[in-house]
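Here the structure comes first, spelled out in C-alpha cells, and everything after it is commentary.
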Amino acid sequence: MRRDKTNAVSRPPRAGSSHAAKTAVQQTTARVREMHQAIAARSFAVLRRVPLLAGPARLVQTAHDGIVAGVYQAIHHTSGVLFDATATIEQRRLQQAPGEAPGRLATRMHSALNGVFGDHLAATDNRLAIAMTLRHAGAVLNMVGDSPCSAPPGSGRRLCVFVHGLACDESSWQPRPAASGSASAVDFGRRLQADMGYTPLYLRYNSGLPISRNGGELAALLERLLAAWPQADSELIIIGHSMGGLVAIAACEQAATAGMNWPLATRMLICLGAPQLGSPLERLGHLVTSALQVSTVTQPLARIATARSQGIQDLRQGPGPVQAHPAAGHIAYRFLGGSLAEDVEHRFGRLLGDGLVTLGSATAQAVAGDVRTAAVGKLGHMALLTDARVYRQIVEWVAALAEPERAAVDA
C-alpha cells in the first residue's frame with residue numbers, strides 16, 4: 001500500500017481545462033501564422049518580379065519575416081506562461097474541494113468540449129476527458145467487482161438505458177425549465193418509470209471518441225450492469241438519440257460477436273434521429289475542409305477544421321442500415337425521425353429532416369429483423385428528446401413487447 005501511495009504522489013497531475021485552452025490558443029496562433037506567411041509570400045513573390053523592386057522587396061521580406069516570427073513567438077510563450085500559471089491555480093483548487101460537483105452549465109460545456117476534441121483529450125490523458133459511466137438521478141451507478149450494485153429505491157427488473165448524442169450529456173433528456181409545465185414537453189425517464197415500471201439509467205460518455213470504441217465500452221459496461229443488478233431476470237431496453245443510437249447499435253453488434261450475455265436480456269433498441277446513412281452537415285464539413293486544402297493560403301484553416309474529433313467525422317457516412325446479428329436477432333429495432341415540415345411525406349420535408357438528419361437517414365430500413373419506423377412532423381433534432389408525441393410512440397412500441405407474453409399466458 002505504501003508503494004502505491006508513493007506512485008500516486010509522484011505521478012504528474014493530469015492536464016485539465018487550462019492545458020486544453022493553452023493547446024487551443026497555441027495551435028490557433030500557429031495556424032494564423034501559417035496563413036499570414038502564405039499571404040505575405042505570395043505578395044513578395046509578385047513584387048520580386050517587378051524590375052528595380054526585386055532587391056528592395058527581398059530586404060523588406062527579410063525584415064518582415066523576422067518581425068513576424070518574433071511577434072508570434074512572443075504570443076506563443078506568453079500564452080504558455082499564462083496558462084501554466086492558471087493550471088497551477090486550477091490544481092490547487094481541485095485539491096481544496098475534490099468532492100464538489102460541477103454545475104449544470106459547467107457539465108454541458110464539459111460535454112461539448114469532449115464532443116469536439118474528446119479524442120485528443122483522451123489521447124493526452126487530460127482530466128477533461130469523460131469516462132463512460134451510468135447514472136441515476138445525477139449519481140454514478142457504482143459497479144465494483146462481483147458484488148451487486150446498489151439499485152435506486154423502487155427499482156425492479158425492468159431497466160431503460162438512455163444514450164445521449166454528440167456533445168451532450170444526460171441532462172439533454174430533461175425538458176428545459178421554461179417548458180417543464182408544457183403538455184408538449186415530457187421527461188421520458190420519469191414517465192417510463194411511472195407508466196411502465198422501467199428504471200431510467202443515463203449514460204454519460206466522451207462523444208468525441210470513435211463510435212466503434214464507444215460501442216465497445218458500452219457493451220462491456222452493460223455486461224457489468226446486468227451481472228451486478230440485484231434482479232437476476234432483468235429486462236433491458238435502450239433509447240439512443242442521434243449519435244447515441246449509433247453507439248447503441250455498435251454495442252449490440254460487438255456484444256453479439258463477443259458472445260456477451262446482456263443482449264439476451266435486451267428486448268428493444270429505439271433510435272431517435274440516428275443518422276444511419278450519415279449526416280449531411282458533416283458531409284458538408286468534409287467537403288469544405290477538402291476545398292480549403294486546395295490553396296496554400298487556406299490550408300491552415302483546413303488544419304483547424306480537421307482537428308474536429310473522430311466522433312464527429314464518423315457521422316459523415318454512418319454505419320449504414322442495421323444488420324440483425326444472429327446472436328441478437330431477437331432485439332426489436334425501432335427508428336424514429338423528425339421533420340421540420342408538418343407533412344412528413346412532403347419531398348422538401350423528407351430532404352430537410354429534423355434540420356440535422358434527413359428522414360431517410362433516420363429511418364433507414366434494415367435488411368432483416370424486427371424493424372419498425374415512424375416519423376413526426378414539425379419537430380427539430382433536439383426536440384426529439386422531450387416531445388410528447390415521441391413519448392407516445394415509444395410507449396406504443398414498448399407496450400407491444402408485453403403482448404406476446406400475454407398471448408402465451410392466455411394460451
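Being a predicted model, the structure only gives us computed values, none of them experimental.
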Taking atom [atom1] of [X] and atom [atom2] of [Y], what is their separation to the nearest 0.5 Å?
X: H164; Y: S171; atom1: NE2; atom2: OG; answer: 9.0 Å
X: C149; Y: R224; atom1: SG; atom2: CZ; answer: 11.5 Å
X: L201; Y: R135; atom1: CG; atom2: CZ; answer: 12.0 Å
X: H120; Y: N114; atom1: NE2; atom2: CG; answer: 11.5 Å
X: W397; Y: R372; atom1: CH2; atom2: CZ; answer: 9.5 Å
X: R191; Y: M196; atom1: CZ; atom2: CE; answer: 11.5 Å

Exercise for the section: Could I get the full list of side-chain contact (heavy atoms from CB on, under 4.5 Å) partners for E223, not counting sequence neighbours? Expected result: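 Testing E223 for side-chain contact (heavy atoms from CB on, under 4.5 Å), a comparison that skips the adjacent residues, returns M260, N261, W262.
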Write down the atom of [X], the atom of [Y], and the distance for their closest heavy-atom approach.
X: A362; Y: G273; result: CB-CA, 4.1 Å
X: A219; Y: A255; result: CB-CB, 4.1 Å
X: S172; Y: D169; result: OG-O, 2.7 Å
X: Q310; Y: P210; result: CG-CG, 3.7 Å
X: I130; Y: N206; result: O-CB, 3.4 Å
X: C160; Y: I239; result: SG-CD1, 3.7 Å

Using atom types as modelled and distance alone, determine if a side-chain donor or acceptor of [X] lies under 3.5 Å from a backbone N or O of [Y].
X: R389; Y: G377; result: yes
X: T373; Y: F335; result: no
X: R334; Y: D370; result: yes
X: S339; Y: G349; result: yes
X: R157; Y: D233; result: yes

Practice task
Mind running salt bridge (charged side-chain N to carboxylate O under 4.0 Å, His left out) on R213 and E217 for me, showing each step along the way?
Solution key: CA-CA 6 Å; R213 176 174 168 179; E217 290 187 13; 3.4 Å; yes
[X] side chain near [Y] side chain, heavy-atom distance below 4.5 Å:
X: I237; Y: L401; value: yes
X: V186; Y: T386; value: no
X: L203; Y: L221; value: yes
X: F117; Y: L128; value: no
X: C252; Y: P263; value: no
X: L277; Y: T358; value: no
X: F188; Y: P200; value: no
X: L218; Y: Y205; value: no

Handout entry: Parallel, tilted or perpendicular: ring planes of F348 versus H346, cut at 30 and 60 degrees
Key =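 Perpendicular: the ring planes of F348 and H346 meet at over 60°.
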Problem - All ring pair (Phe, Tyr, Trp, His ring centres under 6.0 Å) counterparts of F162, not counting sequence neighbours - result: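 Ring pair (Phe, Tyr, Trp, His ring centres under 6.0 Å) list for F162, sorted by chain: W173, Y202.
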Problem - side-chain hydrogen bond (donor to acceptor under 3.5 Å, both in side chains) pairs, two or more places apart, involving residues 242-255 - result: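 Applying side-chain hydrogen bond (donor to acceptor under 3.5 Å, both in side chains) to every pair that reaches into residues 242-255, excluding sequence neighbours, yields S242-H381.
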Problem - Partner of L336 by side chain to side chain contact (heavy atoms under 4.5 Å, CB included), out of T363, L272, L359 - result: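 Single side chain to side chain contact (heavy atoms under 4.5 Å, CB included) partner of L336 among T363, L272, L359: L272.
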Handout entry: Residue pair H241, M382: steps toward the side chain to side chain contact (heavy atoms under 4.5 Å, CB included) verdict
Key = CA-CA 9 Å; H241 173 248; M382 296 306 297; 3.8 Å; yes
Exercise for the section: Tell me, with the steps shown, if L264 and H330 meet side chain to side chain contact (heavy atoms under 4.5 Å, CB included). Expected result: CA-CA 8 Å; L264 299 176; H330 64 282; 4.3 Å; yes
Exercise for the section: In sequence, state the C-alpha distance, the side-chain angles, and the governing distance for L246 and N214, and then conclude on side chain to side chain contact (heavy atoms under 4.5 Å, CB included). Expected result: CA-CA 10 Å; L246 304 186; N214 276 324; over 6 Å; no
Exercise for the section: Test I238 against I331 for side chain to side chain contact (heavy atoms under 4.5 Å, CB included), laying out the working first. Expected result: CA-CA 10 Å; I238 306 173; I331 299 177; over 6 Å; no
